[in-house]
Amino acid sequence: MFKKVFAVSLLLIVAAACQPKKKEILYPKTDLSQAPLIPKPINTVATHSAFGLDQNTVILTSESDPGFEQVGRFLSDKIKWQTGLEVPVNQTAEENSIHRFIYINKANSQDLKTPESYQLYIKNDSIFVNSESVEGAFRGIQTLRQLIPEKSNDTLTDHPLWVIPSGKIVDAPKFAFRGAMLDVARHFFTVEEVKKYIDILAYYKYNKFHLHLSDDQGWRIEIKSWPKLTTVGGATEVGGGKGGFYTQEEYKELVNYAAERHITIIPEIDMPGHTNAASVSYPFLNGNGKTLKPYTGTRVGFSTFDANKDSVYIFLDDVIREIASISPGPYFHIGGDESHVTPKKDYIHFVERVEKIVQKHGKSMIGWNEIAQADISPSSVVQLWNEKKHAQIAAQNGSKIILSPAEKIYLDMKYDSLSTYGLNWAGLIPVDTAYNWDPETYVEDLPIESILGIEAPLWSETISNSAELEYLAFPRAIGYGELGWSLREHCDWEDYRTRLRQHVPYLERMQVNYYPTTLVDWDK
Ligand code: ACM
């Protein structure tokens with residue numbers, strides 16, 4: 001790194017010597033500490049000057065890890081998309097054209113305490129994004145993207161310049177797990193629709209994306225050894241639409257797209273309940289004793305696998321093996337919720353047996369909170385949605401907990417009684433209610449060390465395309481991004497609401513159909 005920085009410094013000196021003296025830019029006074037960053041960083045120190053992002057800016061990256069160059073390219077693409085500027089990455093620049101550089105730097109520092117920690121040093125002619133890992137560098141450039149103003153300044157020099165406030169940011173996440181879930185089973189969402197959602201979540205520093213790939217109304221991922229799951233089970237959805245599914249190649253495309261954004265995909269196959277579509281495809285799986293037919297309504301709790309048949313576990317071994325082999329992340333989610341027609345002892349037997357299959361295929365099991373009733377391993381993770389006592393029991397047994405309490409963080413709950421989309425069984429969740437709760441104290445007697453993080457699920461009974469998805473997800477998912485990342489003392493509704501209103505230019509550029517709640521005075 002020093003070699004490159006030294007070389008660049010030399011270039012700048014040579015360039016300066018060979019040129020008519022560069023006109024000093026008189027930047028307006030800035031205040032980095034007032035920048036509307038979401039999530040809010042741990043520490044921000046303003047130096048009241050600026051970095052001028054312009055046609056002569058270059059991006060340089062640490063040579064020791066090619067991942068840093070990928071982060072540089074990602075930043076360059078996003079700068080082009082926002083400003084139209086072409087910012088080269090690691091190109092040998094014309095000596096007299098380099099004025100300023102952004103260095104994405106693999107660094108070692110006492111201040112970089114987690115893989116996602118980063119520092120941002122912004123001066124007149126340089127920006128350093130320091131991190132120990134590529135992931136941290138990626139989180140750091142999201143902060144930098146948010147500092148680029150919407151409009152260029154055309155008066156400071158003879159070409160447009162985007163004025164980035166100067167100073168220092170030191171930052172790290174509160175939780176290691178900051179997730180969103182999308183139910184692609186009740187209604188199917190295309191690869192492009194899912195990608196758009198992931199791209200927006202990455203801007204707000206999410207790092208997990210949970211795909212709910214099967215339910216009573218549809219099975220959404222190709223399983224080569226059991227093809228009817230998609231030819232039969234994939235052909236239905238809520239309301240009678242045509243459904244759909246991802247081929248394994250398409251799923252891998254999503255995995256890679258998310259990985260480029262340092263987001264891990266978590267696949268979920270819901271079982272032993274929520275399994276009507278699977279059982280319609282292969283009737284031997286069925287354990288509820290009823291005649292099977294495709295289901296396109298929105299009731300829950302009527303289906304179950306037969307927990308006492310070996311052939312069911314042979315089937316599940318194939319399904320989990322195939323999905324695990326194309327899911328590089330550490331987790332496999334088995335659902336486990338609302339198995340109302342599975343006898344309790346069968347349910348417990350089932351969860352314990354499936355846990356072993358998940359582990360055999362190299363993954364840790366995640367399940368909705370009901371799985372805490374079984375004797376699960378401490379390496380399995382429990383996702384709280386409705387029963388706090390399940391989270392408490394699981395934590396006592398050593399499991400980590402993901403907090404997704406429906407009454408606070410279910411993105412499919414309506415905002416208010418006038419909401420066009422959504423349900424209300426867990427209550428209405430206006431934007432301030434979504435933001436005003438503390439995941440660290442939400443469950444009594446749950447030690448902070450037991451909390452892996454938070455996840456915002458979006459169930460799709462009432463939504464079937466990006467515009468409807470975005471209506472429910474935004475702006476609430478932006479607030480959850482902050483609740484997952486920022487220190488408790490930095491999560492202040494009044495302060496957040498004034499930052500959120502300044503995100504309109506980004507949301508509009510992304511063509512996000514956010515819900516314009518009257519709780520926020522939007523900058524329009
Ligand atoms: C759930 O909402 N049934 C997890």
Side-chain angles (χ1 to χ4, degrees), residues 175-189 191 193-202 204-218 220-221 238 246 251 254-255 257-258 261 263-271 274 300 323 327 329-338 363-371 381-386 391 400-413 421-423 426 429 434 439 452-464 466 468-474 476-481 483-484:
F175 293 127
F177 188 115
R178 304 175 307 280
M181 186 210 84
L182 181 62
D183 170 9
V184 294
R186 267 50 174 274
H187 281 102
F188 183 63
F189 289 82
V191 168
E193 287 170 329
V194 177
K195 281 183 178 173
K196 184 180 178 195
Y197 192 28
I198 290 175
D199 199 41
I200 304 165
L201 295 170
Y204 294 105
K205 298 190 175 72
Y206 278 70
N207 66 358
K208 303 286 185 284
F209 192 72
H210 166 183
L211 274 170
H212 181 76
L213 289 165
S214 71
D215 214 302
D216 291 319
Q217 299 86 346
R220 307 295 179 213
I221 181 152
V238 166
Y246 309 121
Y251 176 80
L254 283 176
V255 166
Y257 187 85
R261 286 151 184 76
I263 290 179
T264 304
I265 296 277
I266 298 173
E268 176 188 348
I269 297 297
D270 205 347
M271 56 183 110
H274 291 277
V300 299
I323 296 175
S327 302
Y331 301 115
F332 187 96
H333 200 307
I334 67 149
D337 56 320
E338 298 177 311
K363 304 294 176 193
S364 297
M365 179 174 80
I366 306 182
W368 297 106
N369 54 232
E370 289 92 325
I371 68 161
V381 174
V382 169
Q383 183 165 11
L384 169 65
W385 69 282
N386 71 345
K400 295 268 192 269
I401 311 299
I402 300 164
L403 297 173
S404 302
E407 58 172 353
K408 298 291 185 193
I409 200 169
Y410 264 29
L411 287 168
D412 57 312
M413 290 303 115
Y421 303 103
L423 304 171
I429 309 187
L452 191 55
I454 65 174
E455 183 185 287
L458 178 46
W459 303 97
S460 63
E461 285 94 333
T462 67
I463 57 170
S464 61
S466 279
E468 294 163 8
L469 177 165
E470 288 161 9
Y471 175 94
L472 287 176
F474 299 107
R476 289 181 293 198
I478 300 175
Y480 298 135
L483 282 189

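Residue numbers count from 1 along this sequence.
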Undergrad: What is the ring orientation for Tyr471 with Tyr421, classed by angle as parallel under 30°, tilted 30 to 60°, or perpendicular over 60°?
TA: perpendicular
Undergrad: List the steps, then state whether side chain to side chain contact (heavy atoms under 4.5 Å, CB included) holds for Ile366 with Ile266.
TA: CA-CA 9 Å; Ile366 306 182; Ile266 298 173; 4.1 Å; yes
Undergrad: So, do Glu470 and Lys196 sit near enough that their side-chain heavy atoms are less than 4.5 Å apart?
TA: yes
Undergrad: How long is the straight-line distance from CD1 of Ile478 back to CD1 of Ile200, given to the nearest 0.5 Å?
TA: 8.5 Å
Undergrad: Please check: side-chain N/O of Arg476 versus main-chain N/O of Leu411, any donor-acceptor pairing under 3.5 Å?
TA: yes
Undergrad: Under the salt bridge (Lys or Arg N to Asp or Glu O under 4.0 Å) rule, collect the residues that match up with Asp215, sequence neighbours excluded.
TA: Arg186
Undergrad: Using modelled atom types and a 3.5 Å cut-off, is there a donor and acceptor pairing between side-chain atoms of Ser214 and backbone atoms of Asp270?
TA: yes
Undergrad: Would you indicate whether the side-chain heavy atoms of Leu211 and Pro267 approach each other to under 4.5 Å?
TA: no
Undergrad: Using salt bridge (Lys or Arg N to Asp or Glu O under 4.0 Å) as the criterion, list what pairs up with Glu455, not counting sequence neighbours.
TA: none
Undergrad: Under the side chain to side chain contact (heavy atoms under 4.5 Å, CB included) criterion, do Gln383 and His210 qualify, and how do the steps go?
TA: CA-CA 12 Å; Gln383 183 165 11; His210 166 183; 3.7 Å; yes
Undergrad: Are Tyr331 and Thr264 linked by a side-chain donor-acceptor pair shorter than 3.5 Å?
TA: no
Undergrad: Run the ring-ring contact (aromatic ring centres under 6.0 Å, His included) test against Tyr480 and tell me which residues pass, sequence neighbours left out.
TA: none
Undergrad: Would you give the length of the straight line joining atom CD1 of Ile429 to atom CD of Glu407, rounded to the nearest 0.5 angstrom?
TA: 8.0 Å
Undergrad: Is the shortest side-chain heavy-atom distance between Glu370 and Glu338 below 4.5 Å?
TA: yes
Undergrad: Answer yes or no: is there a donor N or O on one side and an acceptor on the other, between the side chain of Lys363 and the main chain of Ser327, under 3.5 Å?
TA: yes
Undergrad: Hey, does the side chain of Asp183 reach the backbone of Leu458 with a donor-acceptor pair shorter than 3.5 angstrom?
TA: no
Undergrad: What I'd like to find out is whether the side chain of Val382 reaches to under 4.5 Å of the side chain of Ile371, using heavy atoms alone.
TA: yes
Undergrad: So, does Asn369 use its side chain to make a donor-acceptor pair with the main chain of Asn386 at under 3.5 Å?
TA: yes
Undergrad: Cut-off 3.5 Å, side chains only: do His187 and Glu468 have a donor facing an acceptor?
TA: no
Undergrad: Quick one: does Leu384's side chain get under 4.5 Å of Ile402's, heavy atoms only?
TA: no
Undergrad: Suppose we screen for ring-ring contact (aromatic ring centres under 6.0 Å, His included). Which residues come up paired with Phe209, at least two apart in sequence or across chains?
TA: Tyr197
Undergrad: Only counting residues at least two apart or in another chain, list the ones meeting salt bridge (Lys or Arg N to Asp or Glu O under 4.0 Å) with Arg178.
TA: Glu116
Undergrad: For Leu483 and Phe175: C-alpha separation, side-chain torsions, deciding distance, then whether side chain to side chain contact (heavy atoms under 4.5 Å, CB included) applies.
TA: CA-CA 9 Å; Leu483 282 189; Phe175 293 127; over 6 Å; no
Undergrad: Cation over ring, Arg261 on Tyr257, under 6.0 Å and within 45°?
TA: yes
Undergrad: Side chains of Phe177 and Val381: closer than 4.5 Å at any heavy-atom pair?
TA: no
Undergrad: Test of understanding: with ring-ring contact (aromatic ring centres under 6.0 Å, His included), list the residues that count as partners of Phe332, not counting sequence neighbours.
TA: none
Undergrad: Are Ser404 and Ile454 close enough that some pair of their side-chain heavy atoms sits under 4.5 Å apart?
TA: no
Undergrad: Nearest 0.5 angstrom please: Leu452 CG to Leu403 CG, how far?
TA: 9.5 Å
Undergrad: Walk me through whether His274 and Val300 qualify under side chain to side chain contact (heavy atoms under 4.5 Å, CB included).
TA: CA-CA 7 Å; His274 291 277; Val300 299; 3.9 Å; yes
Undergrad: Any side-chain donor paired with an acceptor under 3.5 Å for Glu268 and Trp368?
TA: yes
Undergrad: State, to 0.1 Å, how close Arg220 and Ala185 come at their nearest heavy-atom pair, and which atoms those are.
TA: NH2-O, 2.6 Å
Undergrad: Over all heavy atoms of both residues, which pair between Ile463 and Leu469 is shortest? Give the atoms and the distance, please.
TA: CD1-CA, 3.8 Å
Undergrad: Please report the closest heavy-atom contact between Ala180 and Leu201, naming both atoms and the distance.
TA: CB-CD1, 3.6 Å
Undergrad: Do you know the tightest heavy-atom contact between Val238 and Glu461?
TA: CG1-O, 3.8 Å
Undergrad: Looking at Leu472, Asp412, Leu423, Leu182, which one forms a side-chain contact (heavy atoms from CB on, under 4.5 Å) with Trp459?
TA: Asp412
Undergrad: Tyr246 versus Leu213: any side-chain heavy-atom pair under 4.5 Å?
TA: yes
Undergrad: Which heavy atom of Ser466 sits nearest a heavy atom of Glu193, and at what distance?
TA: OG-CG, 3.3 Å
Undergrad: Has Asn207 got a side-chain atom pairing as donor or acceptor with Ala176's backbone, closer than 3.5 angstrom?
TA: yes
